[in-house]
Amino acid sequence: MIEKIQELKKKRDAIILAHNYQIPEVQDIADLRGDSLELSRKAAQTDAKVIVFCGVHFMAETAAILSPAKTVLLPDIDAGCPLADMITVEALRELKSKYPGRPVVAYVNTSAAVKAESDYACTSANAVKVINAIKSDEIIFVPDKFLAAYVQSKTSKKIISWGGYCPTHAKIMPEDIIERKKEHPNAKVMSHPECRQEVLALSDAALSTSGMIKYAAENDAKEFIVGTEAGMVYRLQQDNPGKKFYAASAAATCPNMKRITLEKILWSLEDMKPIVTVTGEIRERALLSVQRMIDIATPKA
Ligand code: CIZ
């Protein structure tokens, strides 16, 4: 199957992207692995005509926003994101009408339509930087209430948050961290800011997946407890064979991320579907939010 995928990949002039939460077999055949924005930005810089995005729907949309001339395939069209689904354009418009004039920052885990309705996008890695760069003392932040609380703890601005949350990260409980620490007393704890505040309070570092990759490589510690989607452990272990990584909770497994399989990648390259598109005005306005984030977050040369 891997040979067939490689053959078809050449024939279609495709690039395979795998998010850090994908199953090991999928990560192993990918051309690029990483977080969703990093993958979409890197793919946009290639000459590939087709992007196979092994991740969830909003990630494929981000790739389509940044690569309008490429065909973006999502091998399972039902790989959604419950967090992204927790805010709709209508709900955001209502929130904006309650707080007129406040700029809106949308976490990347949102639909293209919600990004289009927002002023800025952000990732968990750059959320604080984006918020602090905006010239307003009050900012609407959607959809993740836990990431909003984390940002609030790092800024003097007032964050008007929404009640969304990632059901996978919410499964990591403070008790899990306490237990893992008992089992591995020398381990550093790194947790994703989509986790509960009580979990972050027990952690040594609050980091995005790209932040975890850097922290694990640079830190002198030999053991790490990983407070995010459990698939992250595979990537960290491969990158750092001399160190040990333990999932904070096996329950933190995202069923949507696990929908992508080698078979589905093969079928999508054979049939050239399912295609994810973002076109017209929605793309233009969503791109503006994403571009404003990139302009703030990219270090000036
Ligand atoms: O955008 C991503 O890739 C997500 C959801 C998480 C992360 O921290 O990389």
Side-chain angles (χ1 to χ4, degrees), residues 17-22 32-45 53 55-56 58-59 61-63 65-66 81 83-84 104-110 115 118-134 139 141-155 157 159 161 164-166 168-169 172 188-197 199-200 203-219 224 226-229 231-233 235-236 239 248 252 254 257 286 289-300:
L17 313 181
H19 189 268
N20 293 319
Y21 298 155
Q22 288 293 295
L32 297 171
R33 295 188 293 175
D35 67 46
S36 64
L37 182 69
E38 178 189 359
L39 289 171
S40 296
R41 290 186 74 187
K42 285 187 180 158
Q45 286 158 12
F53 208 120
V56 294
F58 79 83
M59 299 182 175
E61 280 194 332
T62 305
I65 292 167
L66 293 181
C81 171
L83 168 59
V104 178
V105 177
Y107 186 31
V108 281
N109 296 41
T110 44
K115 287 187 183 76
S118 307
D119 300 294
Y120 300 81
C122 79
T123 64
S124 56
N126 63 32
V128 176
K129 200 170 177 186
V130 170
I131 296 279
N132 284 337
I134 299 172
I139 291 163
F141 186 92
V142 295
D144 189 314
K145 64 176 177 179
F146 293 129
L147 179 58
Y150 169 73
V151 172
Q152 185 64 86
S153 74
K154 301 276 171 201
T155 183
K157 294 177 191 250
I159 305 296
S161 64
Y165 62 93
C166 163
T168 297
H169 283 88
I172 303 173
K188 289 272 181 208
V189 183
M190 43 187 190
S191 297
H192 198 281
E194 286 178 33
C195 290
R196 296 165 187 275
Q197 278 171 288
V199 167
L200 295 183
S203 305
D204 296 292
L207 297 164
S208 65
T209 60
S210 49
M212 287 182 185
I213 288 164
K214 196 162 179 281
Y215 182 82
E218 291 173 0
N219 200 283
F224 298 84
V226 184
T228 190
E229 206 282 335
M232 187 67 202
V233 168
R235 166 80 199 260
L236 289 165
D239 287 1
C254 172
M257 283 285 177
S289 298
V290 172
Q291 195 53 54
R292 286 193 189 120
M293 161 189 65
I294 292 173
D295 292 344
I296 294 170
T298 311
K300 307 277 173 284

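Basis for what follows: all heavy atoms, side chains included, without hydrogens, waters or symmetry-related copies.
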With a 4.5 Å heavy-atom cut-off, do T123 and M293 have their side chains touching?
yes
Hey, could you give me the CG/CG distance between N20 and D239, rounded to the nearest 0.5 Å?
9.0 Å
Taking atom types as modelled, find out whether S210 and D35 have a side-chain donor-acceptor pair closer than 3.5 angstrom.
yes
How close do A252 and T168 get, counting heavy atoms only, and between which atoms?
C-CG2, 3.4 Å
Any luck finding a side-chain donor-acceptor pair between T228 and Y21 under 3.5 Å?
yes
Using a 3.5 Å distance criterion without hydrogens, assess whether the side chain of Q291 forms a donor-acceptor pair with backbone atoms of Y120.
no
Any idea which heavy atoms bring V189 and S191 closest together, and the distance?
CG1-OG, 3.9 Å
Contact between V199 and F146 at the side-chain level, heavy atoms closer than 4.5 Å - yes or no?
no
Got a second to check how far Y215's OH is from S208's OG, nearest 0.5 Å?
13.5 Å
How close do C166 and E194 get, counting heavy atoms only, and between which atoms?
CB-OE1, 3.2 Å
Check whether any side-chain N or O of K115 sits under 3.5 Å from a backbone N or O of A106 as a donor-acceptor pair, and report yes or no.
no
If I take atom CD from residue E61 and atom OG from residue S36, how far apart are they, to the nearest 0.5 angstrom?
11.5 Å
Check: K157 side chain, I134 main-chain N or O, donor-acceptor pair, under 3.5 Å:
yes
Quick one: does Q197's side chain have a donor or acceptor within less than 3.5 Å of a partner on Y150's backbone?
no
Give the minimum heavy-atom separation between Y107 and S124, together with the two atoms involved.
CE1-N, 3.4 Å
I want to check something: taking the side chain as every heavy atom from C-beta on, are D204 and M190 in contact at a cut-off of under 4.5 Å?
no
When you compare the side chain of D144 with that of N109, does any pair of heavy atoms fall below 4.5 Å?
no
Reference residue V105; test side-chain contact (heavy atoms from CB on, under 4.5 Å); the match among V151, I131, I159:
I131
CG on L37 to CE on M59, rounded to 0.5 Å:
10.5 Å
Show your reasoning for whether side chain to side chain contact (heavy atoms under 4.5 Å, CB included) applies to F224 and M212.
CA-CA 10 Å; F224 298 84; M212 287 182 185; over 6 Å; no
What is the distance from atom CD1 of I213 to atom CZ of R235, rounded to the nearest 0.5 Å?
3.5 Å
How close do G227 and C195 get, heavy atom to heavy atom, and via which atoms?
O-SG, 3.4 Å
Is a donor on one side and an acceptor on the other found under 3.5 Å between the side chain of S203 and the backbone of A206?
no
State, to 0.1 Å, how close L39 and A18 come at their nearest heavy-atom pair, and which atoms those are.
CD1-O, 3.5 Å
Straight-line distance of C122 SG to R292 CZ, nearest 0.5 Å:
14.0 Å
Apply the test side chain to side chain contact (heavy atoms under 4.5 Å, CB included) to residues F53 and T62: give CA-CA distance (whole Å), side-chain angles for both, the deciding distance (0.1 Å), then the verdict.
CA-CA 10 Å; F53 208 120; T62 305; over 6 Å; no
Run the numbers on T298 and R41 for side chain to side chain contact (heavy atoms under 4.5 Å, CB included), then give the verdict.
CA-CA 12 Å; T298 311; R41 290 186 74 187; 3.9 Å; yes
